[in-house]
Amino acid sequence: IVADALGAGLLEPEELLGQTDEALLVLLEGRAAARPSPAAADAGPGDAVGEAVAAPGVPVGGAAERVGRWVAALRARRLPKRAAELVAAELGARRIGEWLVTDSALKRRVEERLAQELGLGPGAVLLDYPEKRAMFGLDLLVERRTGEVLRLGPGGRAGLIGLPRMADELYDTARVLRLFTFAGRREVEPATLARLAVLPTQQLEQRLQDPTPLL
């Protein structure tokens with residue numbers, strides 16, 4: 001929601017500083033309501049617009065309207081539904097494509113293509129692959145039997161806790177890739193999602209230019 005609001009000019013990056021969740025929702029609601037949709041701008045006094053699609057994630061009049069619908073859906077707890085889930089460990093020796101690791105423009109293009117293939121509107125598919133490299137990081141005070149107090153940081157300490165040596169491997173295998181859909185529940189085979197997730201960036205770019213479905 002925030003990414004769409006920034007992209008549509010509803011927010012400036014500096015306005016995100018210091019915001020609570022509730023304050024940000026109120027700000028987004030107000031900005032989205034104040035930005036008329038293209039359909040509304042062209043409509044006459046008696047024309048009915050903006051009610052053609054009521055589901056979140058299916059915009060009628062552009063990004064501003066989509067932001068407004070998503071915020072309303074969030075408040076009403078009409079949340080995205082999980083269509084597929086894939087634990088990174090299930091990929092074996094295969095590696096997740098770099099395009100999926102960050103919220104890139106290419107990832108957004110893939111999400112829009114998947115929305116079309118699943119019969120949903122623009123913005124109705126989300127690929128979620130959370131990143132928190134320090135999730136197994138250590139910052140502990142340990143008192144030994146001798147009374148000595150040690151601080152165990154990310155490097156650990158030989159003979160005490162060896163977690164840092166395996167932290168990267170645990171992190172890579174514990175991550176979960178999920179595909180969510182707005183505006184209707186869909187089901188996607190995890191194996192299908194796996195084949196898409198491991199595509200290298202260049203190959204994925206080629207697939208997007210081909211009308212053959214990604215799924």
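Scope of the values below: all heavy atoms of this structure, side chains included, with no hydrogens, waters or symmetry mates.
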### Message
To the nearest 0.5 Å, what is the distance between CG on Leu193 and CD on Glu85?
### Response
10.0 Å
### Message
Here's a test for you: under side chain to side chain contact (heavy atoms under 4.5 Å, CB included), which of Leu100, Val110, Leu86 qualifies with Leu196?
### Response
Val110
### Task
Could you go through the salt bridge (charged side-chain N to carboxylate O under 4.0 Å, His left out) check for Arg109 and Glu112 one step at a time?
CA-CA 5 Å; Arg109 287 172 57 198; Glu112 293 305 302; over 6 Å; no
### Task
Find the distance between NZ (Lys81) and CD (Glu187) and round it off to the nearest 0.5 Å.
13.0 Å
### Summary
Closest heavy-atom pair, Ala63 versus Ala8, reported as atoms and distance to 0.1 Å, is CB-CB, 3.6 Å
### Task
Determine whether Leu114 and Val188 make a side-chain contact, defined as any pair of heavy atoms from C-beta on separated by less than 4.5 Å.
no
### Task
Using a cut-off of 6.0 Å, state whether more than 12 heavy atoms not belonging to Glu15 lie near its atom CD.
yes
### Query
Crowded around Asp210 CG? As in, over 12 foreign heavy atoms under 6.0 Å?
yes
### Summary
Heavy atoms of Gln19 and Ala23 approach each other most closely as OE1-CB, 3.3 Å
#### Entry: Leu177 side, atom CG; Asp128 side, atom CG - distance, nearest 0.5 Å
8.0 Å
### Query
Is Arg108 paired with Asp4 through a side-chain N to carboxylate O contact shorter than 4.0 Å?
yes
### Query
Is the backbone N or O of Leu10 less than 3.5 Å from a side-chain atom of Arg31, with the two atoms forming a donor-acceptor pair by type?
yes
### Query
Can you name the nearest heavy-atom pair linking Glu29 to Val71, along with the distance?
CG-CG1, 3.3 Å
### Query
Quick one: does Arg113's side chain have a donor or acceptor within less than 3.5 Å of a partner on Leu208's backbone?
yes
#### Entry: Donor-acceptor under 3.5 Å (Thr192 side chain, Leu215 main chain)
no
### Message
Measuring from atom CG of Leu106 to atom CD of Glu111, what distance do you get when rounded to the nearest 0.5 angstrom?
### Response
10.0 Å
### Query
Out of curiosity, Trp70 CH2 to Arg78 CZ, how far, rounded to the nearest 0.5 Å?
13.0 Å
### Query
Taking atom CG of Leu74 and atom CG of Leu79, what is their separation to the nearest 0.5 Å?
6.5 Å
#### Entry: Single-linkage hydrophobic cluster Leu11~Val26, side-chain heavy atoms < 4.5 angstrom
no
### Message
Which heavy atom of Gly184 sits nearest to which heavy atom of Thr181, and what is that distance?
### Response
O-OG1, 2.9 Å
### Summary
Here the pair of heavy atoms bringing Ala32 nearest to Val67 is CB-CG1, 4.3 Å
#### Entry: Neighbour count >12 (heavy atoms, 6.0 Å) for atom CD, Glu117
yes
### Query
By salt bridge (Lys or Arg N to Asp or Glu O under 4.0 Å), which residues pair with Glu98, not counting sequence neighbours?
none
### Message
Donor-acceptor check, side chain of Arg186 to backbone of Leu118, threshold 3.5 angstrom: yes or no?
### Response
yes
#### Entry: Arg75 versus Glu22, closest heavy-atom pair with distance
NH2-OE2, 3.0 Å
### Query
Does any N or O in the side chain of Trp99 come within less than 3.5 Å of the main-chain N or O of Leu199, such that one atom is a donor and the other an acceptor?
yes
